[in-house]
Amino acid sequence: MNTPFFFFGSLRDPLILEAVLGRDLSHLTFADAWAPDFRTERAAGYSFPLLRPALGNRAPGLLTWGLTAKDQARITYFEDSEYALAAGTVETSAGPCRAQFYDASGKLGSSGELWDLAAFQRDDKPLLLAVTQYVMTEHY
């Protein structure tokens, strides 16, 4: 797959991404990126985020190259029906880049609160990591 993926939520965490893919990340290349005119908000009732339009803001994320078709299938399974594959342009230090990402499918509402990766890693990662490892090993 030539088009990189933009991860703006829990898949920015290497251990979560490894659990989803079922292998290490040595086959991937990463770069910091931002979704212009968006902000990352916590989904209402959940610990994971969604993107919301916000003129003048930049939602941080991770641009990822090297995902295989099998990797994408595993990510799609992880994202479930709450997210759908989409495409857009993100900003990088090298300039704009077209990317694929998983956008909220409309089943999720926003809490209106900003979502922060460091807070997620501190408060919610241990449970999500354990559940992800179990589900991706036992049910995928």
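Residue numbers count from 1 along this sequence.
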Response to the item:
CE of M136 to CG of L21, rounded to nearest 0.5 Å, is 8.0 Å
Discussion item. I'd like to know whether Y134 forms a ring pair (Phe, Tyr, Trp, His ring centres under 6.0 Å) with H139, so could you lay out the CA-CA distance, the side-chain angles of the two residues, the decisive distance to 0.1 Å, and finally the verdict.
Written reply: CA-CA 8 Å; Y134 174 77; H139 297 285; 5.3 Å; yes
Worksheet entry | Close side-chain approach of L63 and P4, heavy atoms under 4.5 Å | yes
Worksheet entry | Minimal non-hydrogen separation, P36 against T89, with atom names | CD-O, 3.6 Å
Worksheet item: Do F120 and W115 come close enough that some side-chain heavy atom pair is under 4.5 Å?
Response: yes
Worksheet item: Under the side chain to side chain donor-acceptor pair (under 3.5 Å) criterion, do Y102 and T76 qualify, and how do the steps go?
Response: CA-CA 8 Å; Y102 285 87; T76 299; 2.5 Å; yes
Discussion item. To check you understand the geometry: which heavy-atom pair defines the closest contact between V90 and A99, and what is its length?
Written reply: CG2-CB, 4.3 Å
Worksheet item: Given the rule that I, L, V, M, F, W and Y join up when any side-chain heavy atoms are under 4.5 Å apart, are W34 and F38 in one cluster?
Response: no
Practice prompt. Would you indicate whether the side-chain heavy atoms of S110 and L50 approach each other to under 4.5 Å?
Written response: yes
Discussion item. Would you say that F48 contacts L108 through its side chain, given a criterion of any heavy-atom pair below 4.5 Å between the two side chains?
Written reply: yes
Worksheet item: Side chains of S81 and S105: does their closest heavy-atom pair fall under 4.5 Å?
Response: no
Discussion item. For A59 versus T40, what's the shortest heavy-atom pair and its separation?
Written reply: CB-OG1, 3.3 Å
Worksheet, complete the sentence: Taken to the nearest 0.5 Å, the spacing of Q72 CD from E79 CD works out to 11.0 Å
Discussion item. Within the structure provided, determine whether E91 and R58 are in side-chain contact (heavy-atom separation under 4.5 Å).
Written reply: yes
Discussion item. With rounding to the nearest 0.5 angstrom, report the OG1 to CG distance, T132 to L127.
Written reply: 8.5 Å
Worksheet item: Between C97 and T92, which heavy-atom pair has the shortest distance, and what is it?
Response: CB-CG2, 4.3 Å
Item to complete: Give a yes or no on this: more than 12 heavy atoms of other residues, nucleotides or ligands lie within 6.0 Å of atom OH of Y46.
Response: no
Worksheet item: Which atom names give the shortest non-hydrogen contact between S26 and D24, and what distance separates them?
Response: OG-OD1, 2.7 Å
Discussion item. Return the OG to CG distance between S47 and L128, rounded to the nearest 0.5 Å.
Written reply: 6.0 Å
Extract all donor-acceptor atom pairs below 3.5 Å that involve side chains of residues 8-20 and protein atoms in other chains or at least two apart in sequence.
from	atom 1	to	atom 2	distance (Å)
D13	OD1	L15	N	3.0
D13	OD1	I16	N	3.1
D13	OD1	K125	NZ	3.2
D13	OD2	Q121	NE2	2.7
D13	OD2	K125	NZ	3.0

Discussion item. Distance check, rounded to the nearest 0.5 Å: D80 atom CG versus F78 atom CZ?
Written reply: 10.0 Å
Worksheet item: Do L62 and D32 have side-chain heavy atoms sitting under 4.5 Å apart?
Response: yes
Worksheet, complete the sentence: Rounding to 0.5 Å, atoms NE2 (H27) and CG (L67) come to a distance of 6.0 Å
Worksheet entry | R74 charged N/C atom sitting above Y140 aromatic ring, 6.0 Å / 45° | yes
Discussion item. The test is side chain to side chain contact (heavy atoms under 4.5 Å, CB included); show your working for V135 and Y77 and say whether it passes.
Written reply: CA-CA 10 Å; V135 167; Y77 182 83; 3.9 Å; yes
Discussion item. E41 vs L51, test: side chain to side chain contact (heavy atoms under 4.5 Å, CB included). Steps then yes/no.
Written reply: CA-CA 6 Å; E41 295 182 1; L51 290 177; over 6 Å; no
Discussion item. Using a strict threshold of under 4.0 Å (side-chain N to carboxylate O), is an ion pair present between D116 and R42?
Written reply: no
Worksheet item: Got a sec, which residues hit side chain to side chain contact (heavy atoms under 4.5 Å, CB included) with L114, two or more places apart in sequence or on another chain?
Response: R39
Worksheet item: Which atom names give the shortest non-hydrogen contact between A31 and W65, and what distance separates them?
Response: CB-CZ3, 3.7 Å
